[in-house]
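Just below is one structure, and these are the notes that go with it.
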Amino acid sequence: MANPFGVVVDNDKLEEMAKYIGKTITQEDRAREAMHLINEDDKDAKAAKYVDSVKEYYGDGVSTLCLVYNATGDTISYVTDHDWYGYIGRTPYPTEIGNGQWGAFHHVHDTGASSGSEAAVVYRGKTANGNYSDFMLAWSTPWGGWYRNKAYCEMGAVDSFPGRWSDIYPKINNSDYHDKVDRDGIKIDVDTAKGTSPVFKAIIKIPFSP
C-alpha cells in the first residue's frame with residue numbers, strides 16, 4: 001500500500017467541483033475540502049489497516065500506531081523526530097503528507113527493555129497566512145499498566161524544536177489522552193487511547209468558513 005493514503009486535495013481536484021468553476025482557489029478552500037473528504041474512498045480505514053498490518057508483523061510488545069491527517073491546504077514535510085523511549089518501526093516517517101492525505105507509521109519499544117514508546121515527530125507546513133511553521137506531534141505509551149498513555153502537540157517557528165527536547169519531555173508526561181493547539185491560523189488535535197498498543201491520531205488543519 002502507498003503511504004500516505006488518499007488522493008491529494010489540490011487545485012486540480014477542486015477544479016472538478018462545480019462550486020469552484022471560475023473561482024480563484026485559495027489555501028482555505030483546499031483545507032476545507034480536505035476536511036470534507038477526510039474519509040474519501042475509505043482512505044482513513046486504509047491507513048489504519050496499513051499500520052495494523054505493520055503492528056501484526058512486529059508482534060507483541062508496547063508500541064504506538066500513529067495516524068496523521070493533513071488539512072492545511074498544502075503539503076506538510078517531515079523535519080525531524082526525537083525518541084525518549086523506543087524507535088520508529090520497520091517503515092519510516094512519511095517524508096511528505098499531501099493536503100487531504102493520511103500518513104501512517106508505527107513506533108515501538110526497545111526490544112527486551114522494560115520501557116515504552118515515547119517520541120515526537122515534527123512536520124513543517126504553511127499557516128493560514130502563508131508563513132511556514134513547525135508542527136510537533138508527540139505521544140507516550142509507557143511500559144507497565146500503572147502509567148497512563150498521553151498525547152501532546154505544539155507548533156513553533158521553523159527549526160524551533162531541536163534543542164528543546166528536555167523542556168518538552170515533562171510537558172508530554174503531564175499531558176492527557178487529548179491535546180490541542182489553536183493559534184496563528186493552525187489547529188492541531190491529537191488523541192491517544194488506552195492499552196499497550198493504542199492508536200495515536202493527529203489532525204492538522206487551518207480554520208475555514210463553512
Side-chain angles (χ1 to χ4, degrees), residues 1-5 44 46-70 76-97 101-124 134-156 159-181 188-204:
M1 293 184 180
N3 183 20
F5 296 83
D44 56 330
K46 292 173 182 175
K49 183 178 179 180
Y50 166 80
V51 78
D52 280 341
S53 69
V54 177
K55 167 65 173 71
E56 185 176 348
Y57 179 89
Y58 167 71
D60 296 332
V62 174
S63 66
T64 311
L65 288 68
C66 302
L67 301 170
V68 179
Y69 190 67
N70 173 22
I76 60 174
S77 302
Y78 166 85
V79 175
T80 190
D81 64 87
H82 184 80
D83 297 322
W84 287 280
Y85 295 101
Y87 57 95
I88 190 68
R90 62 190 293 259
T91 57
Y93 294 103
T95 55
E96 290 187 340
I97 304 174
Q101 289 189 314
W102 285 96
F105 51 90
H106 186 221
H107 192 269
V108 303
H109 87 299
D110 290 316
T111 304
S114 299
S115 60
S117 157
E118 186 167 9
V121 62
V122 179
Y123 279 90
R124 181 170 299 156
D134 285 355
F135 314 131
M136 191 274 296
L137 317 171
W139 56 91
S140 175
T141 307
W143 185 88
W146 51 90
Y147 295 114
R148 187 176 65 218
N149 298 340
K150 298 175 179 67
Y152 182 70
C153 60
E154 284 189 21
M155 64 175 291
D159 292 328
S160 61
F161 289 106
R164 285 194 56 222
W165 299 121
S166 60
D167 168 58
I168 291 168
Y169 179 68
K171 295 181 180 181
I172 296 172
N173 291 327
N174 288 321
S175 190
D176 210 327
Y177 292 105
H178 172 75
D179 194 32
K180 63 182 179 179
V181 169
I188 306 174
D189 284 283
V190 293
D191 291 278
T192 190
K194 297 180 179 179
T196 58
S197 286
V199 173
F200 169 87
K201 185 180 292 185
I203 297 177
I204 309 171

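In this chain, residues are counted from 1 in sequence order.
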All heavy atoms of Thr141 vs all of Gly195, minimum pair found to be CG2-O, 4.0 Å

Taking the side chain as everything from C-beta on, heavy atoms only, tell me whether Met136 gets closer than 4.5 Å to Arg164. no

Could you go step by step and tell me if Arg148 and Asp176 meet the salt bridge (charged side-chain N to carboxylate O under 4.0 Å, His left out) rule? CA-CA 8 Å; Arg148 187 176 65 218; Asp176 210 327; 3.6 Å; yes

Please check if the side chain of Asn149 supplies one atom and the backbone of Ala193 the other of a donor-acceptor pair under 3.5 Å. yes

Contact summary for Val62 and Pro142, nearest pair of heavy atoms: CG1-O, 4.1 Å

Under 3.5 Å, side chain of Ser77 to main-chain N/O of Arg124, donor-acceptor pair present? no

Using 0.5 Å steps for rounding, measure from the OH atom of Tyr152 to the OG atom of Ser140. 13.5 Å

So does Asp60 have more than 12 non-hydrogen atoms from other groups sitting under 6.0 Å from CG? no

Using the ring of each side chain (for Trp, its six-membered ring), is Tyr50 parallel, tilted or perpendicular to Phe5, with breaks at 30° and 60°? tilted

Check: Val68 and Phe105 side chains under 4.5 Å, non-hydrogen atoms: yes

Distance-only polar pair, side chains of Ser117 and Ser63, donor-acceptor under 3.5 Å: no

Would a line drawn from the ring center of Phe135 to the ring center of Tyr123 be shorter than 6.0 Å? no

Specify whether Trp102 and Tyr69 have parallel, tilted or perpendicular ring planes, treating 30° as the upper limit for parallel and 60° as the lower limit for perpendicular. tilted

Which distance, rounded to the nearest 0.5 Å, do you find between the OG1 of Thr95 and the CG of Asn3? 9.5 Å

Could you check whether the rings of Tyr58 and His106 sit parallel, tilted or perpendicular, using 30° and 60° as the cut-offs? perpendicular

Do His109 and Trp143 make the cut of ring centroids closer than 6.0 angstrom? no

Taking the side chain as everything from C-beta on, heavy atoms only, tell me whether Ile97 gets closer than 4.5 Å to Ile204. no

Taking atom OH of Tyr57 as the centre, does the number of heavy atoms from other residues, nucleotides or ligands within less than 6.0 Å exceed 12? no

d(Ile88 CD1, Asp83 CG) to nearest 0.5 Å is 8.0 Å

Lys171 NZ: over 12 foreign heavy atoms closer than 6.0 Å: yes

Taking every non-hydrogen atom, the tightest pair across Ala104 and Leu67: CB-CD2, 3.8 Å

Would a 4.5 Å heavy-atom cut-off, applied to side chains only, mark Trp139 and Thr192 as touching? no

Taking the side chain from Asp134 and the backbone from Asp159, do they hold a donor-acceptor pair closer than 3.5 Å? yes

Would you please name every residue forming a ring pair (Phe, Tyr, Trp, His ring centres under 6.0 Å) with His82, sequence neighbours left out? Trp84, Trp165

Looking at Lys201, I want to see if its NZ is surrounded by more than 12 non-hydrogen atoms of other residues, nucleotides or ligands under 6.0 Å. no

Tightest non-hydrogen contact, residues Ser197 and Gly61, listed as OG-O, 3.3 Å

I want to check something: taking the side chain as every heavy atom from C-beta on, are Asn173 and Glu118 in contact at a cut-off of under 4.5 Å? yes

Side chains of Tyr87 and Val108, heavy atoms from C-beta outward: is any pair under 4.5 Å? yes

For residues Met155 and Phe161, report the shortest heavy-atom separation together with the two atoms involved. C-CZ, 3.9 Å

Work out which heavy atom in Pro198 is nearest to a heavy atom in Lys194; give both atom names and the distance. CB-O, 3.9 Å

Rounded to the nearest 0.5 angstrom, the SG-CD1 distance for Cys153 and Ile168 is 11.0 Å

Calculate, to the nearest 0.5 Å, the distance between atoms CG and CZ belonging to Leu65 and Phe200 respectively. 12.0 Å

Kindly say whether Val190 contributes a backbone atom to a donor-acceptor pair with the side chain of His178 at under 3.5 angstrom? yes

